[in-house]
Protein chains: 2
Amino acid sequence: MSAIADVARLAGVAKATASRALSGRGYVSEETRRKVIEAAREIGYVASPNAASLVTGRTKSIGVIIPFISRWFFSEVLESMEQALLDEGYDMTLYNLPAPSPERERVFDYFLARKRFDGVISVGVALSDDEVTLLHRLGRPLVGIGGPIRGVHTIAIDDVASARLATKHLLSLGHTEIVHIGGSKEDEMDFQVHSNRLTGFYSAMREAGLLPEGSGSFYACEFTMPGGYEVGLAVFGDPRTRPTAVFAASDEIAIGLIVAARELGIQVPADLSVIGIDGHPYADMFRLTTIEQHPRRQGRLAVLSLLAELETPTPGEEDEHLTVLPTNLVIRSSTSGPRPPHGA
Amino acid sequence: MSAIADVARLAGVAKATASRALSGRGYVSEETRRKVIEAAREIGYVASPNAASLVTGRTKSIGVIIPFISRWFFSEVLESMEQALLDEGYDMTLYNLPAPSPERERVFDYFLARKRFDGVISVGVALSDDEVTLLHRLGRPLVGIGGPIRGVHTIAIDDVASARLATKHLLSLGHTEIVHIGGSKEDEMDFQVHSNRLTGFYSAMREAGLLPEGSGSFYACEFTMPGGYEVGLAVFGDPRTRPTAVFAASDEIAIGLIVAARELGIQVPADLSVIGIDGHPYADMFRLTTIEQHPRRQGRLAVLSLLAELETPTPGEEDEHLTVLPTNLVIRSSTSGPRPPHGA
DNA sequence: ACATTTCATGGAACCGGTTCCAGCGACGGC
DNA sequence: GCCGTCGCTGGAACCGGTTCCATGAAATGT
């Protein structure tokens, strides 16, 4: 493989000049630059980023830690981040780490601890203190998506408020028998998403004078469409547990519930109102009312924040703060007022 | 940041010895090794992969080119590849390039052409000759998923055969009014997936003595669930175009069709049989009969092939061959024989 | 006309590892 | 007892760029 020394020789200049000509830094006469570029083209020279990184300390590469790739929210975030990074001339190395595990430790020690990246973005992963310390020691900026991490700038939505908004929408339509169906506390890997949404639900209900805790007003399920479908069949199949409205913790769950309801012959929204959270592309075809959370914006903002910090490192070592992105209610026709009692 | 020279000094040995002790290559006495490791631990030494790559020529990193992240097939492939690579001590840098574009050129010239990777995997991307040449010139192995690329080992399923299998299943149940709903030739980015599946459909139909071409037996739609839903409403809504069975080019399309059918009050499978291709996790909840294609196996095999070639480079420059992975029919209850004519 | 800048270039050090080679003591074979 | 081999270590070259510094020529200022 040809090195920059070969280019320099062919162009009849010094290595230093060739480097300046090709990188565009420092003074080079127009004529010399042309000669060098021509020489480089002639022998098919391509620069070694490794060699450059070694001396500049910059790799033009960002590491990303993410617990899932195939779930909607995460793949959207990923796509938008990849796009934004590429636009800025960075590439993205992906670590798919579902849970704290020996493997995750290995990745931190082996890949992340080394100076492979100019910065790291952590999506929906609650980093341990040790992990944050490790990353901080590298002197590389770190931003998070999804929840507060000690000493780290994080982009997130307000899950409690979004859940409250969803619940209040149902309340405002006149519902009182409302159930929340969402992820269980146990498999809570992405910060407190599950419990925050439950908290928001309880808070809105209590505020409306309803006392949801303890009664059968929350059902846990897998955070997927089949997950929602299964509890849907179970919960709606039993007339005693059937509410007039459901707040699902995600659109996928909500859609699973709608499919289950339809199979059981339950009319949505006449017999059952359903609201979700996400703004999933399928929401429209199921006419699902939902709280949109715009993952692509979150991804894009994370990248921009990281790169900004790369340009001008913040003076303070730690820069913990939370950027809360707005969510918004989109009303379709999966929600309406409850059907009036038969005798009315 | 501490370098290996610092470790060596602290341990009272030469750089060379420290390097050998830490990397495990070459002769080092047990005692020296302990001393060096202890010194490294003490000052929190982490090796610079850049410096190592510079001299060894190995980066322990694989580049992946993929047109989508959020679509099921691709995210599954991605997850499995990431897993397999991590197991082998490699990491994965992702380039999400939907279509040939100036941007894609930039990525090839700027990122891929450089020696950042030990190898490259191209998923569902029909590389141009120039692109393949560029990658080949680096002397780095390249494997593909999804279709033949000149001079490249590729993992794929047989789309024609899978489509034939799906169609024959419907034929064997006694259907004759069969329609294929799939991607259009126009937005065909992933090799000839769309047209191959159409070809397989036509082939099986002709073999059964039915002449599908020209008649309204193919409808194009977006390769998503909403895409299937929309054509479903259009095609099934009109009694004249309504077939007794549909072969959908993907499970997502198939599910969209089923949802549309249910909304129109059409019984699946009594009034309409539906079969898809994929083995999507939602298939079960919609009781969808489908041809499973196991993307995770494809991803895993691609990684293993690439790493194998990395270990022992094939003597011949070009190593074009196709590994065809099997698909299999999973019968659920979205397919049955056609309802007998009213008078029967 | 002379003192400053500014522009252009080359030489050399440097980034942080790996590896080749030489040297040396200990040990086994003959 | 001598030689060859093995095990271990250090010195130095090297990977392929970037950048600091020195030097000199040309342009600019007064």
Side-chain angles (χ1 to χ4, degrees), chain A residues 1-40 43-61 89 110-111 113-118 138-140, chain B residues 1-37 39-40 43-61 110-111 113-118 138-140:
Chain A
M1 285 289 110
S2 52
I4 201 171
D6 304 325
V7 175
R9 198 175 312 120
L10 182 58
V13 298
K15 262 175 66 179
T17 305
S19 171
R20 281 186 291 253
L22 293 170
S23 69
R25 272 183 295 272
Y27 294 116
V28 184
S29 77
E30 202 39 57
E31 196 196 328
T32 311
R33 161 166 287 119
R34 272 211 327 279
K35 272 196 325 205
V36 171
I37 290 178
E38 170 56 25
I43 61 177
Y45 167 77
V46 283
S48 155
N50 277 319
S53 306
L54 188 54
V55 39
T56 61
R58 288 308 182 80
T59 63
K60 285 287 184 176
S61 186
Y110 186 69
F111 290 110
R114 292 162 149 80
K115 304 147 195 169
R116 253 168 199 264
F117 309 111
D118 291 347
L138 291 175
R140 300 272 181 269
Chain B
M1 284 289 107
S2 53
I4 200 170
D6 303 325
V7 175
R9 199 175 313 118
L10 182 58
V13 298
K15 261 176 66 178
T17 305
S19 172
R20 280 187 292 254
L22 293 170
S23 69
R25 274 181 293 272
Y27 294 115
V28 184
S29 76
E30 203 37 58
E31 195 197 328
T32 310
R33 161 166 287 120
R34 273 209 327 278
K35 273 194 326 202
V36 171
I37 290 178
I43 62 177
Y45 167 77
V46 282
S48 156
N50 276 318
S53 305
L54 189 53
V55 40
T56 61
R58 288 307 182 80
T59 62
K60 286 285 184 176
S61 185
Y110 185 68
F111 289 110
R114 292 162 149 80
K115 304 148 197 169
R116 252 169 199 263
F117 309 112
D118 291 347
L138 291 176
R140 299 272 182 269

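Residue numbers begin at 1 in each chain, while the letters A, B, ... track the order of the sequences.
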Asker: List for me each residue that meets side chain to side chain donor-acceptor pair (under 3.5 Å) alongside B:Arg9, sequence neighbours excluded, and say none if there are none.
Answerer: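 In terms of side chain to side chain donor-acceptor pair (under 3.5 Å), with neighbours along the sequence ignored, B:Arg9 is linked to B:Asp6.
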Asker: By the salt bridge (Lys or Arg N to Asp or Glu O under 4.0 Å) test, which pairs, at least two apart or in different chains, include something from residues 12-28 of chain B?
Answerer: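 Residue pairs passing salt bridge (Lys or Arg N to Asp or Glu O under 4.0 Å), neighbours aside: none found.
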Asker: At what distance, to the nearest 0.5 angstrom, does CG of B:Leu138 lie from CG of B:Asp118?
Answerer: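 B:Leu138 CG to B:Asp118 CG: 11.5 Å, rounded to 0.5 Å.
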Asker: Taking only residues at least two apart or on different chains, which pairs with a member in residues 44-58 of chain A satisfy side chain to side chain donor-acceptor pair (under 3.5 Å)?
Answerer: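 Checked against side chain to side chain donor-acceptor pair (under 3.5 Å) - neighbours excluded - no pair reaches residues 44-58 of chain A.
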Asker: Only counting residues at least two apart or in another chain, list the ones meeting side chain to side chain contact (heavy atoms under 4.5 Å, CB included) with B:Tyr110.
Answerer: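 Counting only residues at least two positions away or on another chain, B:Tyr110 forms a side chain to side chain contact (heavy atoms under 4.5 Å, CB included) with A:Lys60, B:Arg114.
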Asker: Identify the 5'-most and 3'-most nucleotides of DNA chain C with at least one atom closer than 4.0 Å to a non-hydrogen atom of chain B.
Answerer: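 Range of nucleotides within reach of chain B: C:dG16 to C:dC20.
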Asker: Does any residue of residues 3-15 of chain A have a heavy atom under 4.0 Å from DNA chain D, and if so, which ones, in number order?
Answerer: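 Correct list: A:Ala3, A:Ile4, A:Lys15.
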Asker: Could you list the residues that satisfy side chain to side chain donor-acceptor pair (under 3.5 Å) with B:Ser19, not counting sequence neighbours?
Answerer: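 Scan of B:Ser19 (side chain to side chain donor-acceptor pair (under 3.5 Å), adjacent residues dropped) gives none.
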Asker: If you fit an axis to the five pairs at each end of the helix from C:dA1-D:dT30 to C:dC30-D:dG1, how big is the angle between those two axes, to 10 degrees?
Answerer: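 The end-segment axes of the helix from C:dA1-D:dT30 to C:dC30-D:dG1 are tilted 30° relative to each other.
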Asker: Only counting residues at least two apart or in another chain, list the ones meeting side chain to side chain contact (heavy atoms under 4.5 Å, CB included) with A:Ala39.
Answerer: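 Result, side chain to side chain contact (heavy atoms under 4.5 Å, CB included) vs A:Ala39: A:Val7, A:Leu10, A:Ala11.
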Asker: Pick the nucleotide of DNA chain C nearest each of A:Glu30 and A:Ala16; which residue has the one closer to the 5' end?
Answerer: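 Looking at DNA chain C, the more 5' nearest nucleotide goes with A:Glu30.
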Asker: Do A:Arg116 and A:Thr59 have side chains that approach each other closer than 4.5 Å (heavy atoms only, starting at C-beta)?
Answerer: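 A:Arg116 does not reach A:Thr59 side chain to side chain.
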Asker: Could you tell me which non-hydrogen atom of A:Phe117 sits nearest to which non-hydrogen atom of A:Phe111, and how far apart they are?
Answerer: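 A:Phe117 and A:Phe111 have their closest heavy atoms at CE1-O, 4.1 Å.
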Asker: Does any residue of residues 45-61 of chain B have a heavy atom under 4.0 Å from DNA chain D, and if so, which ones, in number order?
Answerer: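 Within residues 45-61 of chain B, the residues near DNA chain D are B:Leu54, B:Val55.
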Asker: Of all of residues 17-27 of chain B, which get a heavy atom below 4.0 angstrom from DNA chain D, listed by number?
Answerer: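 B:Thr17, B:Arg20, B:Tyr27, in order of number.
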Asker: Taking only residues two or more places apart in sequence, or in another chain, which ones meet A:Ser29 in a side chain to side chain donor-acceptor pair (under 3.5 Å)?
Answerer: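 Expected list: A:Thr32.
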Asker: Of the non-hydrogen atoms in A:Ala8 and A:Ala18, which two are nearest, and what is the gap between them?
Answerer: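 Heavy atoms only, the tightest pair is CB-CB, 3.9 Å.
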Asker: Testing the basics here: between B:Ala21 and B:Val28, what is the closest heavy-atom pair and its distance to 0.1 Å?
Answerer: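 Nearest heavy atoms, B:Ala21 then B:Val28: N-CG2, 3.7 Å.
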Asker: Taking CD from B:Glu31 and P from D:dC8, how many angstroms apart are they, rounded to a whole number?
Answerer: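 Rounded to the whole Å, the gap is 11 Å.
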